[in-house]
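Atom set for the values below is all heavy atoms of this structure, side chains included, hydrogens, waters and symmetry mates excluded. Residue numbers run from 1 in the order of the sequence given.
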Amino acid sequence: GKSFQQSNVHVHDLLAFQKGSFNVVPTVYKDIHNRKIQTNQFSVTEHFRVVNSRTGQALPGVFFFYDLSPIKVNFNEAKTPFLHFLPKVCAIVGG
């Protein structure tokens, strides 16, 4: 087929190994009025490596991995009572 050139490398001449990992963590945000928002946190990791066809260390290809975390994260918003806030301020000011 047709090939194109990028950064002085012909794409049809390039053998590469690319791996993408997708991690999903279920998350619940609960605000001060007890309203809940159920959502997910995502992270993506990508690895790219040019494969040397002479050594045969890796096969060229594109691989994707999907991981759903068994752990759920809960964020709860709460007011700090003034009697807890005051000693913290004094500790910061007093050093």
Side-chain angles (χ1 to χ4, degrees):
K2 291 185 176 182
S3 68
F4 61 94
Q5 186 172 355
Q6 183 173 350
S7 302
N8 296 325
V9 175
H10 284 281
V11 173
H12 74 276
D13 294 334
L14 183 65
L15 294 177
F17 173 85
Q18 184 169 4
K19 180 176 85 170
S21 299
F22 305 96
N23 300 316
V24 180
V25 179
T27 306
V28 175
Y29 292 96
K30 188 169 145 185
D31 69 6
I32 204 155
H33 302 292
N34 228 10
R35 292 180 293 205
K36 289 184 181 180
I37 300 173
Q38 296 198 9
T39 185
N40 296 301
Q41 295 183 53
F42 300 93
S43 66
V44 177
T45 306
E46 183 181 4
H47 299 284
F48 181 82
R49 180 174 59 176
V50 175
V51 176
N52 186 347
S53 61
R54 294 181 195 129
T55 62
Q57 290 179 350
L59 294 174
V62 177
F63 303 93
F64 297 101
F65 300 94
Y66 179 77
D67 183 28
L68 181 60
S69 176
I71 298 172
K72 185 177 187 178
V73 177
N74 291 312
F75 289 103
N76 295 317
E77 183 181 7
K79 287 185 180 179
T80 303
F82 184 73
L83 292 176
H84 291 169
F85 175 72
L86 188 60
K88 291 180 183 180
V89 171
C90 292
I92 292 171
V93 172

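Here salt bridge (charged side-chain N to carboxylate O under 4.0 Å, His left out) pairs that include residues 20-36, with residues two or more places apart or in two chains, are D31-R35. For residues 66-83, there are no side-chain hydrogen bond (donor to acceptor under 3.5 Å, both in side chains) pairs, not counting sequence neighbours.
Rounded to the nearest 0.5 angstrom, F75 CZ and T39 OG1 are separated by 11.0 Å.
Summarising the hydrophobic clusters (Ile, Leu, Val, Met, Phe, Trp, Tyr; side-chain heavy atoms under 4.5 Å, direct or chained), the residues clustered with L86 are F82, F85, V89, V93.
A single hydrophobic cluster is not seen to contain both V25 and V44; linkage of ILVMFWY side chains at heavy-atom distances under 4.5 Å, directly or through other members, places them apart. Residues V73 and V28 are members of separate hydrophobic clusters, defined by side-chain heavy-atom contacts under 4.5 angstrom among Ile, Leu, Val, Met, Phe, Trp and Tyr. Tracing side-chain contacts under 4.5 Å through hydrophobic residues (I, L, V, M, F, W, Y), one reaches F64 starting from F42; they form part of the same cluster.
Scanning both residues, I32 and A78, for their nearest heavy atoms gives CD1-C, 4.2 Å.
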